There are 2 protein chains.
Amino acid sequence: MSRTPRSLLDVATEALLASPGASLTEVAAAAGVSRTTLHRHYPTRQALLLAVAEHSVDRVERAYADAGLDAAGEDAEAALRRLLTALIPLGPQLEFVHRERSLDDEHGLHARFDALDDLVSGLVRRGQQAGVLRADLPAWWLVSSLNGAVYGAWEMIDLGRLAPLDAPGLLLTTLLDGIGR
Amino acid sequence: MSRTPRSLLDVATEALLASPGASLTEVAAAAGVSRTTLHRHYPTRQALLLAVAEHSVDRVERAYADAGLDAAGEDAEAALRRLLTALIPLGPQLEFVHRERSLDDEHGLHARFDALDDLVSGLVRRGQQAGVLRADLPAWWLVSSLNGAVYGAWEMIDLGRLAPLDAPGLLLTTLLDGIGR
DNA sequence: GCCAGATGGAACAGAGTTGTTTCAAACAGA
DNA sequence: TCTGTTTGAAACAACTCTGTTCCATCTGGC
């Protein structure tokens, strides 16, 4: 069992994020390797898609870890801002995992996302207890709103309407303060 | 030019929303017709997908029309609630159009959605001028937040976590009042 | 130089789907 | 009943992509 060919996976990921319907021939060409070699590392197309997905979730998990959600006694809003800031640039990864239909029944992927949701859920609950977040709404709903907002923000960035650097602040005020009044 | 076979399209839509990767044979079987007949109405798979998508957008447009966004001199919040209530049940349609990659470069579809966004944009701007909605955020961002929130709410419904009847109220308070405080 | 491992190129078969055609049968309206 | 239309069944060719195999080549370490 050879080591994971990290750089090959990186460039294959990039190619597949850009055009997810690409054939293996195209992916191999984009990665600068022959289809044979690509096939040696990832025996089937599904294996490649899954590897790309796992690789993407790796980065998402790292973003969560880097945000340090469980910093004790700290402002939940600051932690939230760090998380959003780290998550927004991962829009392509999130979109790939979300839209690729053949990943729908990959149980392991969903489990990893669920674990991340649980992390945020903990942060949300602490925010609720600290009086920073509304306590009259269930935590899972706030988590869902958060996830949806991140995705929506990235879509606007992708369309060129939203400047990446503006996104975290805009997201945070929209989420926390709402659009009313 | 025969009339549009509405009922066939309806059931084909239902089948494709349920399993978008289904082969034409499966779609035809689900629709209770032969593959030949299906192929007579929609010569290519892409034509069928596009018809299903257009049919879905038809329903979305009708939801917008029924919500009567341009009721003059009325509370923007009430109009917004009607729109959200009408839109949430169309989650499957929205998901199909959003996730089906072969629809990405169907220019006409995007134009129709853009037109709907413009409608909401008008409502939002009126709400901003009336002091019901925040005026310090661009209208397109509020529209984007709205769309994203609808989609997110339907995902929670689809997962069985959110009761459909609870969705509009939950959405409205989350959007308008935010999750902070 | 030698060798093990990895790579590239090429060709191949197989599967699955799609799009097409033909013909017979059912159907609906005049 | 006659007729024109619609449908179903079947078979067909074509295509694309995938997965596999074989062999020549290159590379890096010993």
Side-chain angles (χ1 to χ4, degrees), chain A residues 1-56 95-97 99-109, chain B residues 1-56 95-97 99-109:
Chain A
M1 190 160 296
S2 57
R3 79 177 167 84
T4 306
R6 181 64 66 177
S7 70
L8 169 59
L9 183 54
D10 269 330
V11 62
T13 296
E14 189 179 353
L16 272 177
L17 293 193
S19 54
S23 71
L24 296 184
T25 305
E26 292 170 314
V27 174
V33 298
S34 70
R35 194 166 72 92
T36 311
T37 298
L38 180 63
H39 189 266
R40 272 194 196 95
H41 292 288
Y42 308 102
T44 69
R45 178 186 183 85
Q46 184 65 12
L48 174 63
L49 291 179
L50 188 55
V52 168
E54 300 274 10
H55 187 229
S56 296
E95 182 189 1
F96 175 78
V97 176
R99 288 190 68 185
E100 185 58 46
R101 291 224 151 84
S102 65
L103 298 175
D104 277 357
D105 46 358
E106 292 289 348
H107 183 284
L109 278 182
Chain B
M1 191 160 294
S2 58
R3 79 176 167 82
T4 307
R6 181 64 65 176
S7 69
L8 168 59
L9 183 54
D10 269 329
V11 62
T13 296
E14 189 179 352
L16 272 179
L17 293 193
S19 53
S23 71
L24 296 184
T25 305
E26 292 169 314
V27 174
V33 298
S34 71
R35 192 166 71 95
T36 311
T37 299
L38 180 63
H39 189 266
R40 271 195 196 94
H41 292 289
Y42 309 103
T44 71
R45 180 187 183 86
Q46 184 65 13
L48 174 64
L49 291 179
L50 187 55
V52 167
E54 300 274 11
H55 186 228
S56 296
E95 182 189 0
F96 176 78
V97 176
R99 291 189 65 185
E100 185 58 46
R101 301 211 190 265
S102 65
L103 298 175
D104 277 358
D105 46 359
E106 292 289 347
H107 184 283
L109 278 182

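Just so we're clear, the structure is a prediction, and the values are computed from it rather than from any experiment. Letters A, B, ... mirror the listed sequences (proteins, then strands); counts begin at 1.
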Test: salt bridge (Lys or Arg N to Asp or Glu O under 4.0 Å). Region: residues 23-49 of chain B. Which pairs qualify, not counting sequence neighbours?
none
Distance-only criterion, 3.5 Å: show the donor-acceptor pairs between side-chain atoms of residues 12-21 of chain B and protein atoms not counting sequence neighbours.
| from | atom 1 | to | atom 2 | distance (Å) |
| --- | --- | --- | --- | --- |
| Thr13(B) | OG1 | Leu9(B) | O | 2.7 |
| Thr13(B) | OG1 | His55(B) | ND1 | 3.4 |

Where protein sits on nucleotides 15-22 of chain C, one letter per nucleotide: B base, S sugar-phosphate only, - none, heavy atoms under 4.0 Å
---BBB--
In chain order, what residues pass the side-chain hydrogen bond (donor to acceptor under 3.5 Å, both in side chains) check against Arg101(B), with sequence neighbours excluded?
none
With sugar-phosphate meaning primed atoms plus P, OP1 and OP2, does Gly32(A) contact a base, only sugar-phosphate, or nothing at under 4.0 Å between heavy atoms?
sugar-phosphate
N/O (side chain, Ser34(B)) to phosphate O (OP1/OP2, dT7(D)) under 4.0 Å:
no
Holding to side-chain hydrogen bond (donor to acceptor under 3.5 Å, both in side chains), I want the full list of residues that pass it with Thr37(B), two or more places apart in sequence or in another chain.
Ser34(B)
Check side-chain hydrogen bond (donor to acceptor under 3.5 Å, both in side chains) between Glu54(B) and all other residues, then give those that pass, not counting sequence neighbours.
Arg112(B)
If you compare every side-chain N and O of His41(B) against the phosphate oxygens of dT6(D) (OP1, OP2), does one of them come in below 4.0 Å?
no
